[in-house]
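Okay, structure first, notes after.
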Amino acid sequence: MSGHNGHSHEGVSDHHNVDQPQQDMGELLQQIMVITEDSLDEAQARKHALNCHKLKPALFSVLCAIKEKTALRVRDVPEEEPPDTQELRLDNMLLAEGVAGPEKSRSATAAALAAATGGSSSDDSSEHADYREKLAQIRMIYHTELDKYEQACNEFTSHVMNLLREQSRTRPISPKEIEGMVSIIHRKFSAIQMQLKQSTCEAVMILRSRFLDARRKRRNFSKQATEILNEYFYSNLANPYPSEETKEELAKKCSITAAQVSNWFGNKRIRYKKNITKFQEEANMYAIKTALDASSHTSQASSPATPNSGEYPASCYTPDGML
DNA sequence: GAGAATGATTAGTC
DNA sequence: GACTAATCATTCTC
């Protein structure tokens with residue numbers, strides 16, 4: 001602007017010099033008004049003219065150099081950050097659950113469930129089928145959303161890159177800056193992905209807890225198992241506290257877990273103690289049974305009876321555990 | 001369907 | 001950590 005009038009003002013009167021800035025300002029405003037009234041085509045034409053100007057390459061390189069020296073970078077992008085531990089944890093969980101990575105086989109899913117529930121891995125019940133079906137749904141949704149995010153990220157990145165490349169013709173934008181912007185976009189999208197991973201993990205956890213609750217449904221032990229447990233209980237009425245080894249042994253015999261054996265003995269002790277008279281008949285029956293078993297063993301092998309078998313009459317167990 | 005029986009869970013104690 | 005006592009939730013029996 002000053003190039004227009006700079007030299008022509010020399011030698012003009014003081015009065016004129018005072019008025020000159022106001023006149024320049026007026027012209028400037030006028031030009032701005034004209035620019036805003038330009039059509040798109042006119043603006044493009046001006047832009048083209050500017051790009052074709054013989055001084056443009058020189059001025060542009062000077063601008064780039066100034067920008068480089070004065071560190072007038074758009075945004076300083078931090079170097080590669082260390083992988084987020086929470087994201088790693090989520091990734092591992094999704095991998096372990098078979099949501100991410102290769103799909104788990106039916107047997108692998110059943111085994112994982114059995115490990116979580118303490119049940120049998122061979123139990124391919126309808127509950128397992130339900131669990132697998134729900135897990136497959138979660139997996140499908142997760143991958144669909146992940147693909148969407150990746151596609152959106154790629155589209156947005158290429159759009160921004162194109163814009164920046166286009167703009168780099170008229171303003172100094174270094175490839176490093178473009179790279180930095182791409183990195184920012186990727187970080188934003190990976191934050192969204194992180195949310196997706198988190199909600200997927202939550203969905204799996206809810207599914208698991210629901211499944212585990214369903215597993216809590218009580219199922220009576222087999223008659224044979226109850227008989228084995230009762231036999232031990234009434235044979236050891238004076239001290240109905242099986243050791244860990246015995247619990248394991250009984251658990252094996254009854255095809256239940258040692259924890260279930262503990263529960264059973266806990267319940268049995270309490271209920272027996274609360275109502276001895278009610279259990280008297282049962283106690284007598286097992287006492288006779290044990291005695292018969294013992295006598296048959298002695299007659300067969302001439303060996304002594306087991307330490308506890310029949311040693312204490314069933315009715316001798318009192319709430320205090322005393323004889 | 002009601003009540004009893006039974007396996008599991010939980011809070012408190014030692 | 002094992003155990004007791006109370007309680008819950010489900011299954012069994014009538």
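Proteins get letters first, then strands, A, B, ... in listed order; numbering begins at 1 in each.
- With the 3.5 Å cutoff on both pairing distances, Watson-Crick and G-U pairs in DNA chain B assemble into runs of at least 3 at B:1-14 with C:1-14.
- When the side-chain nitrogen and oxygen atoms of Tyr272(A) are compared with OP1 and OP2 of dT4(C), none of them lie within a distance under 4.0 Å.
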Grab the N/O contacts between the protein and nucleotides 5-7 of chain C below 3.5 Å, and write none if there aren't any.
residue: dA5(C); atom: OP1; partner: Lys273(A); partner atom: NZ; Å: 3.0
residue: dA5(C); atom: OP2; partner: Lys273(A); partner atom: NZ; Å: 2.7
residue: dT7(C); atom: O4; partner: Arg271(A); partner atom: NH2; Å: 3.4

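- Protein atom CG of Asn263(A) is 17 Å distant from nucleotide atom P of dG1(C), rounded to whole Å.
- Residue pairs meeting the salt bridge (charged side-chain N to carboxylate O under 4.0 Å, His left out) criterion with at least one member in residues 274-284 of chain A, sequence neighbours excluded: Lys268(A)-Glu282(A).
- When hydrophobic side chains of Ile, Leu, Val, Met, Phe, Trp and Tyr are connected at separations under 4.5 Å, Met194(A) ends up clustered with Leu90(A).
- In this structure Glu150(A) satisfies the side chain to side chain donor-acceptor pair (under 3.5 Å) test with no other residue, sequence neighbours excluded.
- Going from atom CH2 of Trp264(A) over to atom P of dA5(B) covers 15 Å, rounded to whole Å.
- Each of Asn220(A) and Glu244(A) was assigned the nucleotide of DNA chain C with the nearest heavy atom; the assignment lying further toward the 5' end belongs to Glu244(A).
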Under 3.5 Å between N/O atoms: give me all the protein pairs with nucleotides 12-14 of chain B, atom names plus distance.
none

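- Across all strands, Lys268(A) comes closer than 4.0 Å to no nucleic acid atom at all (heavy-atom distances).
- Contacts of Phe279(A) classified as ring pair (Phe, Tyr, Trp, His ring centres under 6.0 Å), with partners at least two apart in sequence or in another chain: Tyr272(A).
- Residue Phe265(A) contributes atom CZ, which lies 18 Å from atom C1' of dG1(C) at whole-angstrom precision.
- Here dA2(C) presents its P atom at 11 Å from CD of Glu248(A), a figure rounded to the nearest Å.
- Remark: P of dA2(C) and CD of Glu245(A) are 12 Å apart, rounded to the nearest angstrom.
- Applying the side chain to side chain donor-acceptor pair (under 3.5 Å) test to Lys188(A) and every residue at least two apart in sequence or in another chain returns nothing.
- With sequence neighbours excluded, no residue forms a side chain to side chain donor-acceptor pair (under 3.5 Å) with Thr144(A).
- Picking from dC3(C), dA5(B), dG7(B) the nucleotide with the shortest atom distance to the side chain of Tyr241(A) gives dC3(C).
- With sequence neighbours left out, Thr246(A) forms a side chain to side chain donor-acceptor pair (under 3.5 Å) with Ser243(A).
- The interatomic distance linking Glu282(A) (CD) with dA4(B) (C1') rounds to 14 Å, in whole Å.
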Could you walk me through whether Glu244(A) and Lys247(A) pass the salt bridge (Lys or Arg N to Asp or Glu O under 4.0 Å) check?
-> CA-CA 5 Å; Glu244(A) 280 305 307; Lys247(A) 279 181 193 169; 3.5 Å; yes
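- The nearest pair of heavy atoms linking Arg269(A) to Pro242(A) is NH1-CD, 4.4 Å.
- Here the P atom of nucleotide dG7(B) and the CG atom of Asn230(A) are 9 Å apart, to the nearest Å.
- Residue pairs meeting the salt bridge (charged side-chain N to carboxylate O under 4.0 Å, His left out) criterion with at least one partner in residues 224-239 of chain A, sequence neighbours excluded, are Glu231(A)-Lys289(A).
- Partners of Phe189(A) according to the ring pair (Phe, Tyr, Trp, His ring centres under 6.0 Å) rule, which considers only residues two or more places apart in sequence or in another chain, do not exist here.
- Salt-bridge check for Glu145(A) with Lys148(A): passed, with a basic side-chain N closer than 4.0 Å to an acidic carboxylate O.
- Nucleotide dT11(C) holds its P atom 8 Å from the CZ atom of Arg219(A), rounded to whole Å.
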